[in-house]
2 protein chains.
Amino acid sequence: MDNYQASLDSIFHALADPTRRAVIQRLGQGEASVSDLAMRFDMALPSFMKHIGVLEVAGLIGSKKVGRVRTCKLEPTKLAVVEKWYDDQRAIWDARYKNLDNLLNNLKGK
Amino acid sequence: MDNYQASLDSIFHALADPTRRAVIQRLGQGEASVSDLAMRFDMALPSFMKHIGVLEVAGLIGSKKVGRVRTCKLEPTKLAVVEKWYDDQRAIWDARYKNLDNLLNNLKGK
DNA sequence: TTGATAGTTATCCATGTGGCTAACTGTACC
DNA sequence: GGTACAGTTAGCCACATGGATAACTATCAA
């Protein structure tokens, strides 16, 4: 399996969890520390950190640690891969309906 | 957790697998029977059927059985939920950058 | 230097996921 | 009827996932 497919796997998997989507949503408004983010969720910190890890492996967020606080930020370019996949997909079925249209027009003797 | 979130869970989970994405891609070109679809994959039928099941539970595909053959078709409207989620997301960070622009303009004394 | 704060690491656990084989059901065809 | 074909059901297995607790490290502040 090529790299793009593996990337889609990890991105979609990362998005298939409400906690992780909420983190992405929150980070859309600006950077935040891990504990700022964690506050909103009824979950032990280590559990929450796993979600951060999944998002980071997928490349959807980045983080850097200064002093003892790790600050996370969104990586919108990586999220855009989702839209690209969707657009590619839509192109396929658009082409199909276009072909159906042509077929119908031909049948009408147009 | 509300229904929309649960729906996103199952949709993104369904998409987080290369076999299932390939099925969606194939169905974008038109309907196909289970065994037509399965042919392309090096996998036992029952294993493949699970993927079909996951896609169907997520609502991304539909199927009907006539005689002994089950025919599957794409449900593009359900796939569109992915784009809606992405657009909602982008709206959030677009708003943020817009605010940053305003801030910068104010600082410039404009 | 002593707390308190912010993460991190190490385990552990129940459940889910993705694959398999074997055996079964129902339909089509000769 | 008998056989082949298209799915389906049942059960098995290894591994991943999402949660937990306990104990640790490192930094900041009094």
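Chain letters run A, B, ... following the sequence lines, proteins first and then strands; every chain starts at 1. What you see below is based on every heavy atom in this structure, not just the backbone, and it leaves out hydrogens, waters and symmetry mates.
- Applying a 4.0 Å cut-off to non-hydrogen atoms, the residues of residues 24-39 of chain A that approach DNA chain C are A:Ser33, A:Val34, A:Ser35, listed by residue number.
- Put simply, the side chain of B:Lys50 does not reach to within 4.5 Å of the side chain of B:Arg20, judged on heavy atoms.
- Across all their heavy atoms, A:Ile92 and B:Gln29 have their closest contact at CG2-CG, 3.7 Å.
- Under the side-chain contact (heavy atoms from CB on, under 4.5 Å) criterion, B:Arg40 pairs with B:Arg26, sequence neighbours left out.
- Side-chain N/O atoms of A:Arg21 and B:Gln5 include a donor and acceptor closer than 3.5 Å.
- Overall, the helix from C:dT1-D:dA30 to C:dC30-D:dG1 carries an axis bend of 20° between its ends, with five pairs at each end and the value rounded to 10°.
- Among all heavy-atom pairs drawn from A:Asp9 and B:Ala16, the shortest one is O-CB, 3.8 Å.
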For a quick test of your reading: what N or O donor-acceptor pairs under 3.5 Å do the side chains of residues 76-87 of chain B make, sequence neighbours left out?
residue	atom	partner	partner atom	Å
B:Lys84	NZ	B:Asp88	OD2	2.8
B:Asp87	OD1	B:Arg90	NH2	3.4

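- Residues from residues 55-63 of chain A with heavy atoms under 4.0 angstrom of DNA chain D: there are none.
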Any N/O pairs under 3.5 Å between the protein and nucleotides 19-21 of chain D? List them or say none.
residue	atom	partner	partner atom	Å
D:dG19	OP2	A:His51	NE2	2.3
D:dG19	N7	A:Lys50	NZ	3.2
D:dG19	O6	A:Lys50	NZ	2.5
D:dA20	OP2	A:Ala44	N	2.9
D:dA20	OP2	A:Ser47	OG	2.7
D:dA20	N7	A:Ser47	OG	3.2

Inset, instruction - Would you sort out whether A:Ile52 and A:Leu37 count as a side-chain contact (heavy atoms from CB on, under 4.5 Å), showing the intermediate values? - result: CA-CA 10 Å; A:Ile52 297 294; A:Leu37 292 169; 4.1 Å; yes
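- Taken together through direct or relayed side-chain contacts under 4.5 Å among Ile, Leu, Val, Met, Phe, Trp and Tyr, A:Ile11 and B:Leu8 form part of one hydrophobic cluster.
- Running 5' to 3' along DNA chain C, contacts with non-hydrogen atoms of chain B at under 4.0 Å begin and end at C:dT17 to C:dA28.
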Donor-acceptor contacts, no H, no angles, side chain residues 61-68 of chain B, under 3.5 Å, sequence neighbours left out:
residue	atom	partner	partner atom	Å
B:Ser63	OG	B:Glu56	OE1	3.4
B:Ser63	OG	B:Glu56	OE2	2.8
B:Ser63	OG	B:Arg70	NH1	3.0

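- Atom CZ in A:Arg70 sits roughly 14 Å away from atom C1' in D:dT25 (whole-Å rounding).
- When rounded to the nearest whole Å, the span between NE2 of A:His13 and P of D:dA16 equals 12 Å.
- Looking at every heavy atom in both residues, B:Ala38 comes nearest to B:Leu45 through CB-CD2, 3.9 Å.
- With sequence neighbours left out, the side-chain contact (heavy atoms from CB on, under 4.5 Å) criterion links B:Ser35 to B:Ser33.
- With sequence neighbours left out, B:Thr19 forms a side-chain contact (heavy atoms from CB on, under 4.5 Å) with B:Asp17, B:Phe41, B:Met43, B:Phe48, B:His51.
- A:Ile24 is not connected to A:Val54 by any chain of hydrophobic side-chain contacts under 4.5 Å among Ile, Leu, Val, Met, Phe, Trp and Tyr, and they are in different clusters.
- Every residue two or more places apart in sequence or in another chain was checked for a side-chain contact (heavy atoms from CB on, under 4.5 Å) with A:Ala91, and none qualifies.
- Taking every heavy atom of both residues into account, A:Lys73 and A:Leu27 meet most closely at C-CD1, 4.2 Å.
- Considering every non-hydrogen atom in both A:Ala14 and A:Ala58, the closest pair reads CB-CB, 3.9 Å.
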What does the list of N/O pairs under 3.5 Å between the protein and nucleotides 26-29 of chain D look like, with a distance for each?
residue	atom	partner	partner atom	Å
D:dT27	O2	A:Arg68	NH1	3.0

Inset, instruction - Kindly determine whether B:Leu15 and B:Leu60 satisfy side-chain contact (heavy atoms from CB on, under 4.5 Å), including the steps that lead there. - result: CA-CA 9 Å; B:Leu15 295 178; B:Leu60 293 173; 3.9 Å; yes
